[in-house]
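Order of the sequence lines sets the chain letters (A, B, ...), proteins ahead of strands, with each chain counted from 1.
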Amino acid sequence: MRRVVVTGLGTINPLGNCVDISWDNLINSKSGISKITKFEVDNYPCKIAGSIEDSQINDEIVNLREQRKIDRFITLGLIAANEAIVDSGFIPDDKNSLRSGVMVGSGIGGLDTIYKNSSVLDNQGIRKISPFFIPSSLINLLSGHISIKYNLKGPNSSPVTACATGTHAIGDSFTLIKNNKADLMVCGGAEAAICPLGISGFSAARALCDTFNEEPIRGSRPWDRDRSGFVMGEGAGILVLEELNQAKKRNAKIYGEVKGYGMSGDAFHITKPSEDGNGGYRAMEMALSESQLNPDEIEYINAHGTSTQVGDMIELLAVEKLFGSDNLFMSSNKSAIGHLLGAAGAVEAVFSFKSMQTKTLPPTLNLDNPDTNTNINLIPNESISKSTKNVISNSFGFGGTNASLIFGL
Amino acid sequence: MSDIEERVKKIVVEHLGVEEGKIQSDSKFIDDLGADSLDTVELVMAFEEEFGCEIPDDAAEKIVTLKDAVTYLSANSN
């Protein structure tokens with residue numbers, strides 16, 4: 001059976017523009033959440049987000065002329081992809097490039113570009129629409145750009161499953177390599193929806209935190225009794241997945257293995273998760289079954305944990321049911337970086353591998369008064385030194401889509 | 001260098017990211033200056049904006065060099 005390992009990691013997120021800086025900030029309990037300053041938010045119920053300063057975007061990787069022709073989600077994805085591919089040490093040539101593909105998705109894609117061009121069309125007419133409008137906003141164009149830049153000619157696709165996108169991209173890539181359709185996949189997610197239409201849309205759906213506008217770093221607080229919705233973040237996470245023997249043959253650094261992937265549908269509601277947590281439960285169960293691990297071999301859960309009223313408790317319920325609650329650790333990276341929507345699962349996968357590599361479990365910030373009496377250690381406010389061999393990462397999305405990945409050393 | 005040529009050159013530098021010194025009056029946008037077909041559409045839009053005129057598609061297709069643009073705009077801009 002073909003085994004799949006991770007040989008490269010890359011990210012840009014509200015805590016930093018590369019893996020090491022953002023990981024260091026994460027385990028030192030730093031928050032990437034701040035007041036939105038890019039546009040006027042006076043009339044918005046939610047005024048905070050996990051934004052990335054423009055100065056953090058390295059224009060030697062994506063120059064300004066290029067950035068003008070692509071939506072921000074593509075720029076962020078290209079930055080993270082560059083880090084992951086360089087980190088992997090993989091050099092595509094005429095032969096191996098045919099077996100190396102790209103699967104990077106986004107939840108929403110070029111929302112701000114669509115918004116701006118829509119205004120241009122209404123106010124200035126059809127002749128002012130940029131020829132780059134469509135290619136700069138289409139979700140799969142990020143996979144396209146990565147393939148062109150690094151000459152990757154294998155499978156090329158982009159999942160779109162809202163907040164589960166990044167996790168599905170990694171899981172689908174894992175399946176492609178396992179089934180011998182590729183030897184290497186550059187995969188993950190990117191998102192840049194902190195824009196007027198993005199914030200107002202999620203606000204209208206009553207999904208965003210609106211009670212900590214004056215104290216942004218306290219806004220994202222999974223499982224805490226004062227949580228009031230998620231805080232949006234932006235960024236990208238990219239992993240290089242590779243067939244084990246190829247990775248060994250070229251002496252690549254191996255972070256760990258993708259051991260199992262599960263997915264399910266709630267068939268319940270467009271935005272709410274199924275009340276008994278059955279969808280998430282079945283996704284985790286399927287991943288566990290593929291990994292051939294017992295539930296008690298899972299030591300840490302990198303939770304979806306968005307800081308919404310309903311979702312946090314339902315995930316906890318599903319986890320307790322499947323794994324029990326003793327000797328289990330679980331935390332939410334979203335407490336520090338916000339919810340990166342389609343990039344969330346990918347950035348959290350990067351952090352899951354860093355957890356195992358550095359023997360450190362990142363904290364759940366702002367968990368001051370847990371809204372639960374669970375025995376699961378939710379790692380409140382400060383990271384914990386702990387060696388782990390097998391971890392699980394969850395993502396659940398609007399539409400009732402669920403995905404779980406099991407990573408191991 | 002005419003005022004029109006100066007302004008056209010500035011737009012080309014800005015949009016195609018090429019150094020001003022490398023642009024000759026007979027440089028072709030696509031073959032010599034690295035533009036692709038979408039870039040040339042955007043260039044024409046920028047010329048329209050700068051010179052306050054509308055360049056019909058059949059005329060736009062014939063603008064392939066800096067000189068073509070200067071000639072057309074000298075005759076047609078307001």
Side-chain angles (χ1 to χ4, degrees), chain A residues 54-55 57-75 77-79 82 109-110 112-153 156, chain B residues 4 6-24 27-66 68-70 72-78:
Chain A
D54 288 345
S55 61
I57 296 172
N58 183 346
D59 55 26
E60 283 172 21
I61 298 168
V62 187
N63 70 43
L64 293 172
R65 193 174 91 81
E66 223 178 315
Q67 285 184 38
R68 214 170 41 80
K69 295 196 257 180
I70 54 182
D71 186 85
R72 185 177 175 86
F73 88 96
I74 296 181
T75 298
L78 284 169
I79 299 282
N82 186 71
D112 203 35
T113 299
I114 295 169
Y115 170 67
K116 283 174 178 157
N117 277 273
S118 173
S119 301
V120 167
L121 181 62
D122 277 353
N123 298 318
Q124 296 171 263
I126 188 169
R127 291 186 64 86
K128 297 293 180 188
I129 294 292
S130 163
F132 294 104
F133 161 46
I134 297 294
S136 70
S137 16
L138 291 183
I139 285 178
N140 76 297
L141 261 282
L142 172 51
S143 287
H145 275 283
I146 294 170
S147 73
I148 294 163
K149 191 164 178 182
Y150 300 97
N151 188 31
L152 304 168
K153 295 181 175 170
N156 194 285
Chain B
I4 289 183
E6 189 86 23
R7 285 155 72 194
V8 168
K9 207 177 238 187
K10 193 163 166 261
I11 289 170
V12 173
V13 167
E14 235 165 63
H15 282 261
L16 302 185
V18 285
E19 284 171 36
E20 195 173 338
K22 290 193 176 152
I23 305 173
Q24 307 294 323
S27 302
K28 289 183 174 162
F29 299 135
I30 291 182
D31 296 340
D32 301 322
L33 302 177
D36 65 26
S37 56
L38 294 183
D39 287 318
T40 61
V41 176
E42 209 180 42
L43 266 185
V44 167
M45 287 171 67
F47 296 150
E48 290 180 334
E49 176 91 27
E50 171 72 18
F51 294 94
C53 62
E54 196 167 295
I55 306 174
D57 283 354
D58 54 346
E61 277 168 26
K62 289 179 191 135
I63 300 176
V64 296
T65 67
L66 184 85
D68 295 338
V70 173
Y72 181 88
L73 292 164
S74 302
N76 295 285
S77 66
N78 299 327

(request) To the nearest 0.5 angstrom, please state how far the CD1 atom of B:I55 sits from the CZ atom of A:R127. (result)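 Output value for this atom pair is 8.0 Å.
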(request) Calculate, to the nearest 0.5 Å, the distance between atoms CZ and CD belonging to A:R65 and B:E14 respectively. (result)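 Rounded to the nearest 0.5 Å, the CZ-CD separation comes to 11.5 Å.
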(message) Does any backbone or side-chain atom of A:I129 lie under 4.5 Å from a heavy atom of chain B? Answer side chain, backbone, both or neither.
(response)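 For A:I129, the backbone is the part near chain B, not the side chain.
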(request) Evaluate the criterion salt bridge (charged side-chain N to carboxylate O under 4.0 Å, His left out) for residue pair B:E49 and A:K128; output intermediate values, then yes/no. (result) CA-CA 9 Å; B:E49 176 91 27; A:K128 297 293 180 188; 3.3 Å; yes
Atom [atom1] of residue position [X] - does it have more than 12 heavy atoms of other residues, nucleotides or ligands inside 6.0 Å?
X: A:K116; atom1: NZ; result: no
X: A:L64; atom1: CG; result: yes
X: A:Y115; atom1: OH; result: no
X: A:K69; atom1: NZ; result: yes

(request) Please name the pair of heavy atoms, one in B:E42 and one in A:P131, separated by the smallest distance, quoted to 0.1 Å. (result)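 So the two residues come closest at N-CG, 3.8 Å.
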